[in-house]
Amino acid sequence: VWRAGQDAVRLVSDDLLIVTPDATLRSNLELTLPMDGSSPELDLRTGVSGFDLAAVQRYLPANKMSPTVVEWLDAALRGGRVSNVDVTFVGPVLAFPFDGGEGEFHATANVEGGDLAFIRDWPRAEDLVGSVEFVNTRFAAQGSGRVLGNRSADLRVGIADLRTGEVTVQANTLGSLDQLLAFVNAAPLIATYLGKDFERLEAPSGTGAVSFNLLLPLRDRESYELTAGLGIVDGEIAFRGFEPHATEIQGSLALAGGVVSGEGIQGIFLDGPVTASVDAAGVPGYRTRIDLVG
């Protein structure tokens, strides 16, 4: 229904159905078109049927986003099923993305079986179950998923402003120590910190917990910031080319500012109990110093 008044034309619908190749949208809306040529005002409430996650980027306002962010979304959203989608747009259309608080764009969706390649060359997060949210120019995804075969109960990916494109990734995952060492070595940004010799570490047994916090500017990927931690429970560590193993390891390592550190790490080495500390080597050509007491 549309009505023409002295100051504006108003278009109203309480049940507008739109069918696209990807999904069906059912909307209630009121669109006000001022006669003076100022910005149209839109009040839109939309429910969307289930669709494939990879189709999301075709319906985002790409002209308001950084090209690097558009490229990232195209590569990152690999698959999965989206359901329970709700979209709200309230405010003057020409003021989007509402930096001055003139209105709000808000879209939320539940995801099942998601496949997210959040950082190029990193192991993908698979079998994701969680939620995806867009608020004006902010993107956030959170939930649980499988990373390198281990289930992560807390995985968060976000972009504070889709126009600038700084990706944040936070994850915690628990699994066998050998799989987590493989994950650390397969994640290029972490492996760069640790150095090539870290690849010689093996873990015949034990449980590990990895947590990491990453800030990655998509326009300048080399200026990333990364902190990570590795907790070890009843672990066994071997260094390829060095015969003795360390066993019954209990403790944690932290990675920050390019330095691996840890205090009070307990274990058995050369058939006796030891306590280890790990810190920067402080010697040119070396990365890490390990002190053992026992």
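Numbering starts at 1 and runs along the sequence shown.
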Can you find a heavy atom in the side chain of Phe51 that is under 4.5 Å from one in the side chain of Ser83? no

Can you check side chain to side chain contact (heavy atoms under 4.5 Å, CB included) on Asn172 and Val210, steps first, answer last? CA-CA 6 Å; Asn172 299 284; Val210 166; over 6 Å; no

If you compare all heavy atoms of Ala256 against all heavy atoms of Thr227, which two are closest, and at what distance to 0.1 Å? CB-CG2, 4.0 Å

Is the closest side-chain heavy-atom distance between Pro40 and Thr32 below 4.5 Å? no

Set out, in order, the CA-CA distance, both residues' side-chain angles and the distance that settles side chain to side chain contact (heavy atoms under 4.5 Å, CB included) for Ser131 and Gln142, then state yes or no. CA-CA 6 Å; Ser131 63; Gln142 60 181 0; 3.7 Å; yes

Taking atom CG as the centre, does Asp271 end up with more than 12 heavy-atom neighbours from other residues, nucleotides or ligands that are less than 6.0 angstrom away? no

With salt bridge (charged side-chain N to carboxylate O under 4.0 Å, His left out) as the test, would you mind laying out the steps for Arg78 and Asp52 before giving the verdict? CA-CA 9 Å; Arg78 304 296 295 270; Asp52 189 84; over 6 Å; no

Quick check: do Gln266 and Pro273 have side-chain heavy atoms less than 4.5 Å from each other? no

Roughly how far apart are Asn136 CG and Glu102 CD, rounded to 0.5 Å? 9.5 Å

For a side chain to side chain contact (heavy atoms under 4.5 Å, CB included) check, start with the C-alpha distance between Val169 and Phe212, then their side-chain angles and the critical distance, and finish with the verdict. CA-CA 8 Å; Val169 182; Phe212 66 86; 3.6 Å; yes

Would you indicate whether the side-chain heavy atoms of Asp279 and Thr288 approach each other to under 4.5 Å? no

Verify the cluster assignment for Ile265 and Val233: are they in a single hydrophobic cluster under the rule of side-chain heavy atoms below 4.5 Å apart? no

Give, for atom CG of Asp154 and atom OG of Ser144, the distance between the pair rounded to the nearest 0.5 Å. 9.5 Å

Taking a hydrophobic cluster as the set of Ile, Leu, Val, Met, Phe, Trp and Tyr residues connected by side-chain heavy atoms closer than 4.5 Å, whether directly or through intermediates, do Leu31 and Leu17 fall within one such cluster? no

What's the spacing between Leu128 CG and Leu155 CG if we round to 0.5 Å? 6.0 Å

Between Glu133 and His106, do the side chains contain an N or O donor and an N or O acceptor separated by less than 3.5 Å? yes

Note: Ala75 and Ala117 closest approach over all heavy atoms is O-CB, 3.8 Å

Does a side-chain N-to-carboxylate-O contact under 4.0 Å join Glu126 and Arg146? yes

Side-chain touch Val278/Leu253, heavy atoms, less than 4.5 angstrom: yes

Look up atom CZ in Phe269 and atom OG1 in Thr247, then write down how far apart they are to the nearest 0.5 Å. 10.0 Å

Ignoring hydrogens and geometry, is there a side-chain-to-backbone donor-acceptor pair from Thr137 to Asp161 under 3.5 Å? no

With a 6.0 Å cut-off (strictly less than), is the heavy-atom count around CZ of Phe239, excluding the residue itself, greater than 12? yes

Look up atom CG in Leu218 and atom CH2 in Trp72, then write down how far apart they are to the nearest 0.5 Å. 7.5 Å

If only atom types and distance count, is the side chain of Gln179 paired as donor or acceptor with the main-chain N or O of Leu177 below 3.5 Å? no

Starting from Val260, can I reach Phe242 by hopping between I/L/V/M/F/W/Y residues whose side chains sit under 4.5 Å apart? yes

Indicate yes or no: at least one non-hydrogen side-chain atom of Ile237 is less than 4.5 angstrom from one of Ile249. yes

Quick one: does Leu29's side chain get under 4.5 Å of Val12's, heavy atoms only? no

Any chance the side chains of Ser205 and Glu236 put a donor and an acceptor closer than 3.5 Å? yes

Does Thr24 offer a backbone N or O that forms a donor-acceptor pair with the side chain of Ser49 under 3.5 Å? yes

If I compare all heavy atoms of Ala203 with all of Asp178, which pair ends up nearest, and what's the gap? O-CB, 3.3 Å

Just checking, any donor-acceptor pair under 3.5 angstrom between side chains of Thr20 and Asp22? no

Mind checking whether Val135 and Val85 sit in one hydrophobic cluster, side chains of I, L, V, M, F, W, Y counted as touching below 4.5 Å? no

What do the steps show when you test Leu42 against Val90 for side chain to side chain contact (heavy atoms under 4.5 Å, CB included), and what is the final call? CA-CA 6 Å; Leu42 177 62; Val90 178; over 6 Å; no

Asn110 (side chain) donor-acceptor with Asn84 (main chain) under 3.5 angstrom: no

Of all heavy-atom pairs between Pro204 and Ala238, which one has the smallest distance, and what is that distance? CD-N, 4.4 Å

Transitive ILVMFWY side-chain link Ile18 to Phe105, under 4.5 Å: yes

Tell me if the CZ atom of Arg240 is crowded by more than 12 foreign heavy atoms within 6.0 Å. yes

Please check if the side chain of Thr207 supplies one atom and the backbone of Gly175 the other of a donor-acceptor pair under 3.5 Å. no

Using a 4.5 Å cut-off on heavy atoms from C-beta on, say whether the side chain of Ile159 contacts that of Leu162. yes

Ring-plane angle category for Phe139 and Phe134, please: parallel below 30°, perpendicular beyond 60°, tilted otherwise. tilted

Non-hydrogen atoms of Leu174 and Gly208 that approach each other most closely: CD1-O, 3.2 Å

Output for pair (Leu16 CG, Leu25 CG), nearest 0.5 Å, gives 9.0 Å

Considering all heavy atoms, the nearest Arg289-Ala280 contact: CB-O, 3.9 Å

Looking at Arg219 and Glu166, is any side-chain nitrogen of the basic one under 4.0 Å from a carboxylate oxygen of the acidic one? no

Exceeds 12 heavy-atom contacts within 6.0 angstrom, atom CD of Glu30: yes

Has the side chain of Arg81 got a donor or acceptor atom that lies under 3.5 Å from a matching backbone atom of Gly50? yes

Asp14 and Arg26 ion-paired at < 4.0 Å: no

